[in-house]
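Below is one structure; the comments refer to it alone.
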Amino acid sequence: MRIDVISIFPEYFAPLDVSLIGKARERGILDIRLHQLRDWAHDVHHTVDDTPYGGGPGMVMKPGPWGEAIDAVLATDPAAQPRIIVPTPSGVPFTQKLAMEYASEPWLLFTPARYEGIDSRVMAEYGSRVRVDEVGIGDYVLAGGEVAVLVMVEAVGRLLPGVLGNANSAVDDSFAPGAMENLLEGPVYTKPPEWRGHEVPEILLSGHHGKVARWRRDEALRRTAKNRPELLAALDPEGLDKQDRQI
Ligand SMILES: CN1CCC[C@H](Cn2ccc3ccc(-c4n[nH]c(N)c4C#N)cc32)C1
């Protein structure tokens, strides 16, 4: 997968050089290319923002530099088209389902803005040619889109074949389709079996895989009921067995 990111703060993406995403880049699973938006702002100050038409607080990112930058990225592979992802608090929620959809795309282009966002004509210009998604990572307001890109790149990158070892399969993720869909993960434990008077639940030491699986599902249901009751409401009743209903 190829991922392009256009930003005035490309240094924000240094974390993409480490851990599993960094290793995926080294192994050629991920090809991440960063672009400095100011390279396409040709005035002496490389200006990328201006006052909003209609008045109001803050500044708006000028269409000119963004248009030239996106054109330059698209021109690197005229035979293909990236999916453009615009981080914004006004976007559709970024979910595990959307991460899985993006993980099947060969090329993503992220356009994290600053200030009050990008002049709306920019995505109108590209929306007739490529798929443009406005996506948000939560109901709170950040100062810009770079953090959202880090979140989305990690959530998508970890789903790519070969990025996670089998031991860390994304299949068992919270929210992943299947047995754990719409369920939060339960508690986890490791050695020692007793720590400061706290013992590991006996069932986890039993070696009985069926009972362990049952216990883990019960704990996932309990945690979901406690922390995200609305997810339980979304569970298909057909998918709940008799013991599930007793939680
Ligand atoms: C007061 N104004 C309101 C509009 C947004 C301004 C800051 N900003 C500029 C660009 C930009 C991109 C993303 C986000 C953002 N915030 N929350 C999320 N889930 C996001 C996501 N993805 C925020 C952003 C601040």
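All heavy atoms count here, side chains included; hydrogens, waters and symmetry mates do not. This structure is a prediction, so every number in the text was calculated from the model and none was measured. Residue indices begin at 1 and follow the sequence shown. Atoms within each ligand, like the ligands themselves, are counted from 1 in listed order.
The closest heavy-atom contact to atom 19 (N) of ligand 1, among the options Gly144, Gly91, Gly138, comes from Gly138. Which of Ala113, Ser90, Pro89 comes nearest to atom 5 (C) of ligand 1 through a heavy atom is settled by distance: it is Pro89. Heavy-atom proximity to atom 2 (N) of ligand 1, evaluated over Glu116, Glu146, Arg114, is greatest for Glu116.
Of all non-hydrogen atoms in Ile8 and Met61, the two that sit nearest each other are CG2-CE, 4.1 Å. Summarising the geometry of Pro87 relative to Ile85, their closest heavy-atom pair is CD-O, 3.4 Å, with the distance given to 0.1 Å.
Ligand 1 has a nitrogen or oxygen under 3.5 angstrom from a nitrogen or oxygen of Tyr140. In terms of polar-atom proximity, defined here as any N/O pair under 3.5 Å, Ile137 does make such a contact with ligand 1. Between Gly145 and ligand 1, a contact under 3.5 Å exists for no N or O pair.
For Tyr115, the closest heavy-atom approach to ligand 1 falls below 4.0 Å.
For Asp119, the salt bridge (charged side-chain N to carboxylate O under 4.0 Å, His left out) partners at least two apart in sequence or on another chain are Arg121.
Numbered from 1 in the order shown, with element, the atoms of ligand 1 that lie under 4.0 Å from a heavy atom of Pro87 read 12 (C), 13 (C), 22 (N). Distances below 4.0 Å separate heavy atoms of Val141 from the following atoms of ligand 1: 16 (N), 17 (N), 25 (C).
Classification of Arg25 and Asp17 as a salt-bridged pair holds, one side-chain N sitting under 4.0 Å from a carboxylate O. Using a 4.0 Å cut-off between charged side-chain N and carboxylate O, Arg216 and Glu219 make no salt bridge. Looking at Glu101 and Arg83, a side-chain N of the basic residue comes within less than 4.0 Å of a carboxylate O on the acidic one, giving a salt bridge.
There is a side-chain donor-acceptor pair under 3.5 Å between Trp107 and Asp4.
Of all protein heavy atoms, the one closest to atom 16 (N) of ligand 1 is Leu142 N, 2.9 Å.
Contact annotation: for Val135 versus ligand 1, heavy atoms closer than 4.0 Å belong to the backbone alone.
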